[in-house]
Amino acid sequence: MTTGFSSNSCRFADYFVICGLDTESGLEPDELSALCQYIEATKFRDGARGLASADEGENFEQSPLRRTFKSKVLAHYPENVEWSPFDQDAVGMLCMPKGLAFRTQADTREPQFHSFIITREDGSRTYGFALTFYEEVTSKQICSAMQTLYHMHNAEQYDILHTPTTPRCPEDQRHLHPHPLNPHPQHTLLPTPSISRLQRFNSYDISRDTLYVSKCICLIAPMAFPQACRKVLQQLHQAVSSPQPPPLPLESYVYNILYEVPLPPAGRSLKFSGVYGPVVCQRPSTAELPLFDFPISQVFELLGVENVLQLFTCALLEIQILLYSQHYQRLMTVAESITALMFPFQWQHVYVPILPASLLHFLDAPVPYLMGLHSNGEGDRTKLELPQEANLCFVDIDNHFIELPEDLPLFPNKLEFIQEISEVLLAFGMSPEGNPLHSQGQAKHWGFRSTDMVTDRRNGNLASSPLNSYLLRENETIARLQALVKRTGVSLEKLDVREDASSNKDLKVQCDEEELKMHQLNIQVREVFANRFTQMFADYEVFVIQPSQDKESWFSNRDQMQNFDKASFLSDQPEPYLPFLSRFLETQMFASFIDSKILCHDDEDKEHTLRVFDSRVDKIRMLNVRTPTLRTSMYQTCTNIDEAEKAIEMRVVKIDHTALHPHLLDMKIGQGRYEHGFFPRLQSDVLSTGPVSNKWAKRSAPAQWRRKDRQKQHAEHLYLDNDQREKYIQEARNLGTTIRQPKLSNLSPSVIAQTNWKFVEGLLKECRNKTKRMLVEKMGREAVELGHGEVSITGVEENTLIASLCDLLERIWSHGLQVKQGKSALWSHLLHYQESKEKTDAAPAGLGPPGLIHDIERRKSDAGAALAPLKVSLIRDMRHIQNIGEIKTDVGKARAWVRLSMEKKLLSRHLKKLLSDHELTKKLYKRYAFLRCDDEKEQFLYHLLSFNAVDYFCFTNVFTTIMIPYHVLVIPSKKLGGSMFTANPWVCVSGELAETGVLQVPKHTQEITFECQNLGKLTTVQMGHDNSGLYAKWLVEYVMVRNEITGHAYKFPCGRWLGKGVDDGSLERVLVGELVTPNSENEDRMCRTPPMQQSPGMMRRFVTISPNSKPKLNTGQIQEGVGESINGIVKHFHKPEKERGSLTLLLCGEYGLVWALEQVFQHGFKSPRLFKNVFIWDFLEKSQVYFESAEQREVTPDENWQTRVHHFCRFMRAINSTSRNIGKDGKFQMLVCLGARDHLLHHWIALLADCPITVQMYEDTALIKDRSLVNSLIRVLQTLQEFNITLEASLVKGIGI
């Protein structure tokens, strides 16, 4: 497989840059970063620093040596390269993110190395490697300027110190802003100020002190080889700082690295010469994991395995991540490591591992980001004011500490995964806990590896298990791990014996030992991580939905298209994986990964990452054919570590390429001399162009080909394929990713405004796509076209979508906040609103507990109006949430409030109300905030309005243990008013989660409000009375029950008498209910959204034709009715368990199975006299008597007949002997339900069709006498045999079978 370019297409480095103090322009304060420091300072001034006058724009309480001044790019060579234009602003900002720093001889001045990354508009990246060191300031002007600043500063400090308000000493300031490169200024604090001490600490005396200023040399390179670049820069710096001049002029070395050193070809290693020693770098082949050259070990030492895994989970779920450290290189190492470990996925959003001080406002970005923030080394997290923390992962690298967003799901198989990573680390002598202190002096214990442990074991120096000796007992994860180790019998002994290639002394390694160890550990850890995804997504290709239309139209409809069958994929996964996977499948990185899969059909086409991943997946599938462990949650460890390690060792043992050595250049006499201790500006004429006839420079090749090559090579190692395809994907899917990186230029207000405008557009687009996605999922594909739906959505997935909507709302609400209060921006806005409203209308006294309204005012006569509508009130909904004791945090409350508003279909209305208080919005938000862009805000509310088209139960189903008030209202028949009714009625309400028990209803009002634990969706109401008094007959039209928090009202139709001697003599009935849409014009229209029940079928159509209560149906219609009711039950069981509606409704509800069989038995039923009703139950009882006597006479056609008769009579007796007064129709309902449960209905129909009693009681035309119709009925009922039907308790109360 060719890699698409040969070794001669690209140079190792594009530019060599020098940054520092421009003596021409003198000392310019770095306004932006100074402003940031000034704001910081004033923010904490009152509490933390007693400083009085900090009104000046420049932070004068900072001593001048601690202030930041502007750095400039002093020179870069060559001037420009066609394929990678030089970005002066970005390079200047990132080489010295905090500007220039000054020192005196008293301070430490160690050189510091860091790398950085520049992401261009098109997503391609360039890496920078910078070495910062200090040089003496020779310019007299600069020195005297510094002296003047000090005089001003001291005078001011003196004034402050002698104002009585502040008994604080100025060293505090010195303490509060130590410079990043000098975190521990050496001085002690004395209690009282004195001028002499002021001078001593805060002084620069031109006559006595030497002034130093920072300078930086930097390489800009197309690929990240930090180890090699660090060596090159350190050797260049050494050349000017060592007493002996280097063998050749500096120009020769810089020229060599710019023009004569190529990038190593894929799968090869390269050796070239620095000033004092050789430098080796190597690059993986196209079949290996992509290039990665940062030390992962450092990340584990700084954070520990547990934290790294949590951070990794946050990154995969595209949660905002903020890294915090006083070392630039640490920020970069952690960011690059986490994104490299994601293979084969790629971070798709804002990625700024080092955020320059002047771009702090970027933390306001309402999009997922991964950013690194430089700390001052004061280490105080509490002082950091972040605009948004509702969904933020904050990583304090230096303090081994990580703050996670709420409800972060566990990474699948987390414990076993930690165990596997820990084993790799232990084999290298590293503690899985991390050891932040060691990461500075890493070399100290790099050399310690498993082979040394074996010898130590023999000498008895080590505990019996390497884990024990390393772990701090407090860490619970590790404790669990050890338990797991014992349980699974994994022996850690195997670590010790691992043959260690690098310790075989006969291997002649060309790079130093430490570097090889770094590569070995890197590849082992990366293989372990990559293996998790190859296992988890081993069969992902099966679920990719290939587009049916051509590419062009696929691109134009990209947002609407589903590219992956998520529901099917999730249904195959082990239960514990679901919380993580269902959220991960919703991310941009997963969508982009699947897009690139769809776009490349053949292998040639595939981008590097995908090719490597697919080949690994194929390998696993091959293995799994023999040992089918796919789809089990059995943990499979990584098997290809050795192979990957061998590849690296091969490259460093035998170097493939050696570059030209540096040589003398054609320079004029006198050029190339320099002053000892100063890094000079170099001769630009010799560095401006490369060699003309260099064998690999191909100067003749047109620039665009070079650019193409370069992008290809990016595609291979930075996962970015920048030909048309990537552009397409970017355009098509540009959901929240309008900005990959802020423009690193000197920021004018207009640039900031433009950036924010992009954010506002991005948020709106994301909102549109999210609402659409949620509706489509909720209603199913057909539903969207037909206006109603069958297809539904799993609980896990619905929760995921709603959680991501909550995150989006939090991001919108935290965009452009003036001052942040609490972790949830949305909740704090709601609280402000609540406070202002409660001030304006001090609540009228005499309301019951919040949210419980006893509608005494309503006159009883208009009971027909059913329940008085609940008042729509944003504040009341907030109070409901505030009354839930289980929710402790602001973020939790905001989420619960969003869920409740979604369930009540009031989200858009409530937010509109909240934002209609313009004064409040103005007070809380800056002008550019999303919530103050009127058009966008309107569109946003409009998108949210579309949620009202479907029913969510996202509040009821999540908060299952809270107490909820319910209101029950019994509506007696208008014709025969219940005013004479003397008995005492009762009800018992059941839902999917619980039931209430018997509740007495006052007979005069016939309504009751009670509070009980969440019942879930309501299913049945049992009601009855005690038959007391003179007139104990009650005709009930229907019963209404409403959840007073969510406002969901259920209607339980009855239309029957309860009383002895009327109707079927029943004193209690079980009513089955349905959710009523809160529709004022038409109170009775039932809600028809899934998953409540099947779509309205034929039955509904022909039953509604005749308005009288008992329509006569013909045999065809009856058969259809039975078919539809059975069909409903079959469909019910074919849905995943979490999506099923109410089975009770399908059995006993309108047009359910009981109703359908009632029609069968009523067809052709002889009614003897006009006024006497004969019930189906009478027929069944007579049949029972016949069967029992037949049994006694032993007239038994066969064995089969006997068991059927036995079952039938047993059920009849049990139902008849129940103590409940359920009446004849109630008994019939119970018999049908029990028959369905025990799969006996079809047997009973066959029995009854042949029973002589049928001949007596039915006309000849009756359906039950028609042999062929009965047979088809039996066949239909037999389909229920494969289902395990469980009945709700209320249906079979009092029956012991």
Side-chain angles (χ1 to χ4, degrees), residues 1-5 123-125 223-224 263-269 282-294 296 312 315-316 336-348 519-520 522-542 544 584 589-624 636-651 711-723 725-726 729:
M1 157 84 220
T2 57
T3 57
F5 59 94
S124 62
R125 294 173 169 183
M223 288 176 122
L263 273 175
R268 301 300 177 84
S269 49
Q282 48 106 22
R283 178 168 157 191
S285 72
T286 48
E288 296 171 60
L289 291 180
L291 170 67
F292 180 76
D293 199 36
F294 290 84
I296 287 186
F312 180 64
L316 289 170
E336 285 286 288
S337 299
I338 289 296
T339 47
L341 290 174
M342 286 178 180
F343 172 90
F345 305 102
Q346 299 137 34
W347 179 259
Q348 298 288 322
H519 288 309
Q520 286 170 329
N522 273 11
I523 199 67
Q524 290 198 26
V525 172
R526 291 175 67 204
E527 285 291 353
V528 169
F529 272 81
N531 177 52
R532 285 297 3 100
F533 288 123
T534 39
Q535 300 287 352
M536 224 181 291
F537 292 101
D539 50 356
Y540 84 102
E541 288 185 50
V542 185
V544 174
F584 180 64
M589 70 176 77
F590 185 76
S592 301
F593 172 74
I594 299 295
D595 276 354
S596 62
K597 175 76 185 166
I598 289 174
L599 285 168
C600 2
H601 295 298
D602 49 348
D603 264 5
E604 288 302 303
D605 231 11
K606 284 184 190 170
E607 48 177 281
H608 174 233
T609 342
L610 191 59
R611 205 170 43 239
V612 176
F613 185 69
D614 280 354
S615 68
R616 287 164 175 240
V617 163
D618 294 342
K619 231 191 227 161
I620 285 192
R621 304 252 290 276
M622 294 295 290
L623 285 172
N624 282 4
Q636 292 172 296
T637 51
C638 183
T639 49
N640 50 349
I641 286 184
D642 294 342
E643 186 188 329
E645 222 178 322
K646 285 275 183 312
I648 291 181
E649 283 162 11
M650 294 294 294
R651 287 197 288 272
Q711 286 171 342
K712 266 229 176 88
Q713 144 255 321
H714 262 291
E716 185 191 332
H717 279 304
L718 302 174
Y719 324 151
L720 287 155
D721 190 351
N722 289 324
D723 55 15
R725 181 165 84 218
E726 172 75 7
I729 292 183

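Excluded from the calculations below are hydrogen atoms, water molecules and symmetry mates; all remaining heavy atoms, backbone and side chain alike, are included.
Considering all non-hydrogen atoms of both residues, Lys597 and Leu610 come closest at CA-CD2, 3.7 Å. The shortest non-hydrogen separation linking Val612 to Ala287 is CG1-O, 3.9 Å. Scanning all heavy atoms of the two residues, the minimum distance from Leu289 to Ala530 falls at CD2-CB, 4.3 Å.
Partners of Arg268 by side chain to side chain donor-acceptor pair (under 3.5 Å), not counting sequence neighbours: none found. A search for ring pair (Phe, Tyr, Trp, His ring centres under 6.0 Å) contacts involving Phe292 returns Phe294, not counting sequence neighbours. Every residue two or more places apart in sequence or in another chain was checked for a salt bridge (charged side-chain N to carboxylate O under 4.0 Å, His left out) with Arg532, and none qualifies. Not a single salt bridge (charged side-chain N to carboxylate O under 4.0 Å, His left out) links Glu336 to another residue, sequence neighbours left out. For Phe590, the ring pair (Phe, Tyr, Trp, His ring centres under 6.0 Å) test picks out Phe537, Phe564, Phe584, with sequence neighbours left out. Taking the side chain to side chain donor-acceptor pair (under 3.5 Å) definition, one finds that Asn531 meets it with Gln535, sequence neighbours left out.
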TODO: Please lay out, stage by stage, how Gln346 and Thr339 fare under the test side-chain contact (heavy atoms from CB on, under 4.5 Å).
DONE: CA-CA 7 Å; Gln346 299 137 34; Thr339 47; over 6 Å; no

- [ ] Show your reasoning for whether side-chain contact (heavy atoms from CB on, under 4.5 Å) applies to Asp614 and Glu541.
- [x] CA-CA 9 Å; Asp614 280 354; Glu541 288 185 50; 4.1 Å; yes

- [ ] Report the C-alpha separation of Val528 and Thr637 in whole Å, then their side-chain angles, then the decisive distance to 0.1 Å, and conclude whether the side-chain contact (heavy atoms from CB on, under 4.5 Å) test is met.
- [x] CA-CA 7 Å; Val528 169; Thr637 51; over 6 Å; no

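Side-chain contact between Met342 and Trp347 is present, with heavy atoms from C-beta onward closer than 4.5 Å. With a 4.5 Å cut-off on side-chain heavy atoms, Gln282 and His519 count as touching. With a 4.5 Å cut-off on side-chain heavy atoms, Met223 and Asp293 do not count as touching.
To the nearest 0.5 Å, atoms CG (Leu263) and CG (Leu291) are separated by 9.5 Å. Between the CZ atom in Phe312 and the CZ atom in Phe529 there is a gap of 5.5 Å [rounded to 0.5 Å]. We find the NE2-OG distance between His608 and Ser285 to be 7.0 Å, quoted to the nearest 0.5 Å. The distance from the CD atom of Gln520 to the CD atom of Glu645 is 4.5 Å, given to the nearest 0.5 Å. Rounding to the nearest 0.5 Å places CZ of Phe593 at 8.5 Å from OG1 of Thr609. Here Arg616 contributes atom CZ and Asn640 contributes atom CG; the two are 5.0 Å apart, rounded to the nearest 0.5 Å.
Panel note: side chain Ser592, backbone Met589; no donor-acceptor pair is recorded below 3.5 Å. Checked by atom type and distance alone, the side chain of Arg283 never pairs as donor or acceptor with a backbone atom of Pro290 at under 3.5 Å. Looking at Glu649, its side chain never comes within 3.5 Å of a backbone N or O of Ala647 through a donor-acceptor pair.
Between Phe345 and Phe533, the ring planes lie perpendicular to each other; the angle is over 60°, past the 30° to 60° tilted range.
Applying side-chain contact (heavy atoms from CB on, under 4.5 Å) to Gln524 and the options Ile296, Asp642, Ile641 leaves one that passes, Ile641.
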